[in-house]
Amino acid sequence: MKTLGILGAMHEEVASIVHAMKRVRSRTIARREFVSGDLFGQRVVIAQSRWGKVAAAVSATHLIQTFKCDSLIFTGVAGSLDERVRVGDLVVARRLYQHDLDASPLFAPMEIPLLGRTHLDTDRTLRAMLLKGARAFVRSDASTALDARSRVELGVAKPRVFEGDIATGDQFVSSVKVAQGIKARVPRALCVEMEGASVGQVCYEHNVPMAVIRTISDNADHGSPVDFPRFLQAVAGVYAVGVMRRALASAER
Ligand code: ADE
């Protein structure tokens, strides 16, 4: 059976998935714990990458090189960059951009020097699996997965699922001005986060299919430092394991 690697930046998301796994074994490498086992019938290895592009790249490299994962999924939260995309919605990435990579005028803005790419594509099959899982989760589970009070307090009404571009950079965005700057560089970005495109680059260089799913935790504005931790505690773990359960239920193995 093939092995799926899963990464999340936050303890809450990874812990909720590990909790659902069977026959777990753990190994610590490079200050992170890699947990292998069975997740809803799929062989997986999961790790908490921690935040940022370097941490995510190290984690992804170990999943590929040390644990021989055949494909990778990054699950996490993100700040919205699009007024249609609201807190509680889910975004499945189509293209990933490193919005803070700029070696101009030697290379085009965001071009990864000597790789000849300004964006990384996610894998069509994995993307379809996540979209299917996210839609099933939203349709059947989301309303009962969260208690009514959390839903009202966090403003998570009827979650929707989007497919589109994601901007990645080593920056937690908490200002409209900064968000607008990123949007100017990546006009079609639906949200911003800190790991996706770096995992995309590692996977591209190793020829390993990958995909990213993000739940919107904040609007990448002045409210982000408050909204983000509240959301993380109440929602992120519930969504992460709920979507994976639905996604893996429909997956061909
Ligand atoms: N992940 C979640 N919210 C974010 C934000 N506002 N900026 C960057 N990464 C995030």
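Note that the structure is predicted; figures quoted are calculated from it, not measured. All residue numbers in this chain count up from 1 along the given sequence. Read the numbers this way: they start at 1 and go in the same order the structure lists the ligands and their atoms.
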Novice: For M194, is at least one N or O under 3.5 Å away from an N or O on ligand 1?
Specialist: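 The answer is no, given that M194 and ligand 1 share no N or O pair closer than 3.5 Å.
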Novice: Are R117 and Y204 in a cation-pi contact, defined as NZ or CZ under 6.0 Å from the six-membered ring centre and within 45° of the axis?
Specialist: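 Flagged: R117 positioned over aromatic ring of Y204.
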Novice: In terms of residue, atom name and distance, what is the protein heavy atom nearest to atom 3 (N) of ligand 1?
Specialist: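 For atom 3 (N) of ligand 1, the nearest protein heavy atom is D218 OD2, 2.7 Å.
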Novice: Between the side chains of D100 and K53, is the shortest nitrogen-to-carboxylate-oxygen separation below 4.0 Å, so that they form an ion pair?
Specialist: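 Judged by the 4.0 Å cut-off on N to carboxylate O distance, K53 and D100 do form a salt bridge.
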Novice: Looking at E193, which atoms of ligand 1 are within less than 4.0 Å of one of its heavy atoms?
Specialist: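 Once the distances to E193 are compared, the set is 9 (N).
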Novice: Quick check on contacts: which atoms of ligand 1 are under 4.0 angstrom from a heavy atom of S217?
Specialist: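 Taking each heavy atom of S217 in turn, ligand 1 has 2 (C), 3 (N) under 4.0 Å.
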Novice: Note the single closest protein heavy atom to atom 8 (C) of ligand 1, along with its residue, its atom name and the distance in Å.
Specialist: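 Of the protein heavy atoms, Q171 O, 3.4 Å lies nearest.
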Novice: Are R95 and D165 ion-paired here, with the side-chain N under 4.0 Å from a carboxylate O?
Specialist: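 Judged by the 4.0 Å cut-off on N to carboxylate O distance, R95 and D165 do form a salt bridge.
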Novice: Yes or no on side-chain contact (heavy atoms from CB on, under 4.5 Å) for F74 and S49, after CA distance, side-chain angles and deciding distance?
Specialist: CA-CA 9 Å; F74 198 102; S49 65; 3.8 Å; yes
Novice: Less than 4.0 angstrom from a charged side-chain N to a carboxylate O is my criterion; do D141 and R246 meet it?
Specialist: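 Yes, D141 and R246 are salt-bridged.
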Novice: Which residue owns the protein heavy atom closest to atom 10 (C) of ligand 1, what's the atom, and how far is it?
Specialist: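 Ranked first by proximity to atom 10 (C) of ligand 1 is V192 O, 3.7 Å.
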Novice: Where's the contact between V173 and ligand 1, heavy-atom distance under 4.0 Å: side chain, backbone, both or neither?
Specialist: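 Both backbone and side chain.
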Novice: Measuring only between side-chain heavy atoms, which start at C-beta, is L120 closer than 4.5 Å to I112?
Specialist: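 In short, these two side chains touch, coming nearer than 4.5 Å.
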